[in-house]
Amino acid sequence: MEMVEEVVIVGAGIAGLATAVALRRVGVQAMVLERADGLRATGTALTLHPNAWLALDALGVSHKLTSLYSPFKKGRMINIDLGTDRRFPLKGIANEEHGPRSVHRKTLLNALVDELPADTIRFCSKLAAIQTEEQEGCDGVHSVVARFLRLAEAVKSGRSAARGLAVFPEGHGLESEVQQLKYMDKRGGIIPINDKEVYWYLNCMSSAKGAEKFGNPELILREVTENYARNFPQHYLEIIKHSDLSTVTWVPLMFRYPWNVILGNISKGNVTVAGDAMHPMTPDFGQGGCAALEDAVVLGRYIGNSIIANGDFCLRILLLP
């Protein structure tokens, strides 16, 4: 099937949807291709820092999220190796609205989708081929567009992450603070999203042994609580045990070397990458989703200015249903 569109975005993730919103704000209609049959909620939750909230301000959607999630005012670092427990303030920039918050990933995606016309996203679709240079694309870590640009492949970091969302119907009673825990080569985190849900994670060295277990949420929880995190504080283990099994995942952490991004081909003609397709990073930075939102604002600005300066253009794409 051959179609003609102004702009084509491959992947309805954070970068893809945010770019579509940015383009719409400058009068450019985009089509978003998504191979899944609906919005992907992989990741469950993410923490958005001040730079992300400034990007969401520019996209005109921050108010939809700030009304649902409260900013964190402090953090806590528990170093089990040293026996220390330290608290520290967390601040936004300019005002409290830009303070760090954790949000449901699906809620963020829906807030972006609500800004787009109903026919913007084409689900169960993927790019069959890139035959010309007249396309614009964004996708995830294993991006077909990044391969077309011959951008160096993302590499395994040697670490993996278990994640999940713990649910407490009667309330968890935790303070509104980000907790980080460290024990040897393992790092854990507890991040309240609201008064009943807590996002947790555990990053550790990867191991091929028993890897076949990690597609099963119950086995993941058992492996985390009885093995990898057994030396962590009891309150951390109890939170993990309250996990909604549908949210529990175990994935290898991948990244692209910064010099491959700086020196590599991130664009060719009208084809480019953004978000994880451009700069996948490990969660230690807490900037994956934040940088994707910034990418969208920059892309929207430059593509919009280019169209204003050079006139309309259209793209011809080949789709696989």
Side-chain angles (χ1 to χ4, degrees), residues 40-47 72 75-88 100 102-106 140-142 154-168 172-175 177-193 196-256 276 280-289:
R40 293 167 290 165
T42 304
T44 305
L46 71 160
T47 299
F72 296 110
R76 180 182 181 186
M77 180 65 194
I78 300 174
N79 191 315
I80 301 167
D81 301 318
L82 301 177
T84 59
D85 186 346
R86 184 172 65 90
R87 284 181 165 85
F88 50 90
S102 268
V103 306
H104 294 89
R105 188 176 189 276
K106 193 68 174 286
V141 175
H142 305 291
V155 298
K156 292 184 178 180
S157 67
R159 300 179 64 81
S160 294
R163 303 182 178 105
L165 189 68
V167 180
F168 297 81
H172 50 66
L174 295 174
E175 293 188 57
E177 65 179 12
V178 177
Q179 289 190 35
Q180 299 178 31
L181 306 96
K182 178 184 178 299
Y183 176 72
M184 299 181 68
D185 65 331
K186 304 173 182 65
R187 288 175 171 78
I190 301 171
I191 307 173
I193 298 178
K196 295 182 179 180
E197 296 175 298
V198 182
Y199 174 62
W200 64 268
Y201 65 85
L202 177 74
N203 297 341
C204 58
M205 298 298 293
S206 298
S207 172
K209 183 179 179 181
E212 70 279 357
K213 297 179 181 179
F214 299 144
N216 184 316
E218 292 182 348
L219 291 178
I220 293 173
L221 293 185
R222 187 183 310 164
E223 194 73 16
V224 169
T225 56
E226 297 180 6
N227 183 10
Y228 288 94
R230 66 179 182 274
N231 293 306
F232 279 59
Q234 189 62 34
H235 75 276
Y236 178 75
L237 300 179
E238 286 300 319
I239 286 172
I240 294 175
K241 292 175 182 178
H242 278 80
S243 296
D244 175 350
L245 291 179
S246 69
T247 69
V248 176
T249 60
W250 180 288
V251 296
L253 299 178
M254 303 182 72
F255 71 100
R256 183 167 281 121
D276 283 346
M281 62 187 78
T282 60
D284 311 70
F285 298 104
Q287 282 293 317

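Side chains are part of it too, since the values below use all heavy atoms of this structure and drop only hydrogens, waters and symmetry mates. Quantities reported herein were computed from a predicted structural model and do not represent experimental measurements.
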Please walk me through it: do T44 and D244 pass side chain to side chain contact (heavy atoms under 4.5 Å, CB included)? CA-CA 11 Å; T44 305; D244 175 350; over 6 Å; no
Side-chain heavy-atom pair H104, E197 within 4.5 angstrom cut-off: yes
Student check: side-chain heavy atoms of L46 and Y199 closer than 4.5 Å: no
Just by distance, do the side chain of T247 and the backbone of L165 share a donor-acceptor pair under 3.5 Å? yes
Where is the tightest heavy-atom contact between G288 and M281, given as atom of each residue plus distance? N-SD, 3.8 Å
Which donor-acceptor pairs under 3.5 Å do side chains of residues 75-83 form with protein atoms, sequence neighbours excluded?
residue: R76; atom: NE; partner: D85; partner atom: OD1; Å: 2.9
residue: R76; atom: NE; partner: D85; partner atom: OD2; Å: 3.2
residue: R76; atom: NH2; partner: D85; partner atom: OD2; Å: 2.6
residue: N79; atom: OD1; partner: D81; partner atom: N; Å: 3.0
residue: N79; atom: OD1; partner: L82; partner atom: N; Å: 3.0
residue: D81; atom: OD1; partner: M184; partner atom: N; Å: 3.0
residue: D81; atom: OD2; partner: K182; partner atom: NZ; Å: 2.9
residue: D81; atom: OD2; partner: M184; partner atom: N; Å: 2.8

To the nearest 0.5 Å, tell me how far I190 CD1 sits from E175 CD. 12.0 Å
Going through the checks in order, is the side chain to side chain contact (heavy atoms under 4.5 Å, CB included) test met by V248 and V224? CA-CA 11 Å; V248 176; V224 169; over 6 Å; no
Side-chain contact test, heavy atoms from C-beta onward, threshold under 4.5 Å: evaluate it for I240 versus L221 and give yes or no. yes
Does a sphere of radius 6.0 Å around CZ in R87 hold more than 12 heavy atoms from other residues, nucleotides or ligands, not counting ones at 6.0 Å or beyond? yes
Kindly determine whether T47 and V178 satisfy side chain to side chain contact (heavy atoms under 4.5 Å, CB included), including the steps that lead there. CA-CA 10 Å; T47 299; V178 177; 5.6 Å; no
Give, for atom CZ of R230 and atom CG of L237, the distance between the pair rounded to the nearest 0.5 Å. 11.0 Å
Between C204 and K186 the two heavy atoms that sit nearest each other are CB-CG, 3.9 Å
Closest contact, heavy atoms only, Y236 versus G188: OH-CA, 3.7 Å
From T249 OG1 over to R163 CZ, what is the distance, rounded to the nearest 0.5 angstrom? 6.0 Å
Kindly say whether L253 contributes a backbone atom to a donor-acceptor pair with the side chain of S157 at under 3.5 angstrom? yes
Could you tell me which non-hydrogen atom of L181 sits nearest to which non-hydrogen atom of P233, and how far apart they are? CD2-CD, 3.5 Å
Those residues that, when tested against K241, pass salt bridge (Lys or Arg N to Asp or Glu O under 4.0 Å) (two or more places apart): E238
Shortest non-hydrogen contact between P252 and S160, atoms and distance: CA-OG, 3.7 Å
Using the ring of each side chain (for Trp, its six-membered ring), is Y183 parallel, tilted or perpendicular to F232, with breaks at 30° and 60°? perpendicular
Listed partners of Y201 passing ring-ring contact (aromatic ring centres under 6.0 Å, His included), at least two apart: none
Donor-acceptor contact present, side-chain R159 to main-chain D185, <3.5 Å: yes
I need the minimum non-hydrogen distance between P192 and F72, along with the two atoms involved. O-CZ, 3.1 Å
So CD of Q179 and CG of L174: to nearest 0.5 Å the spacing works out to 6.5 Å
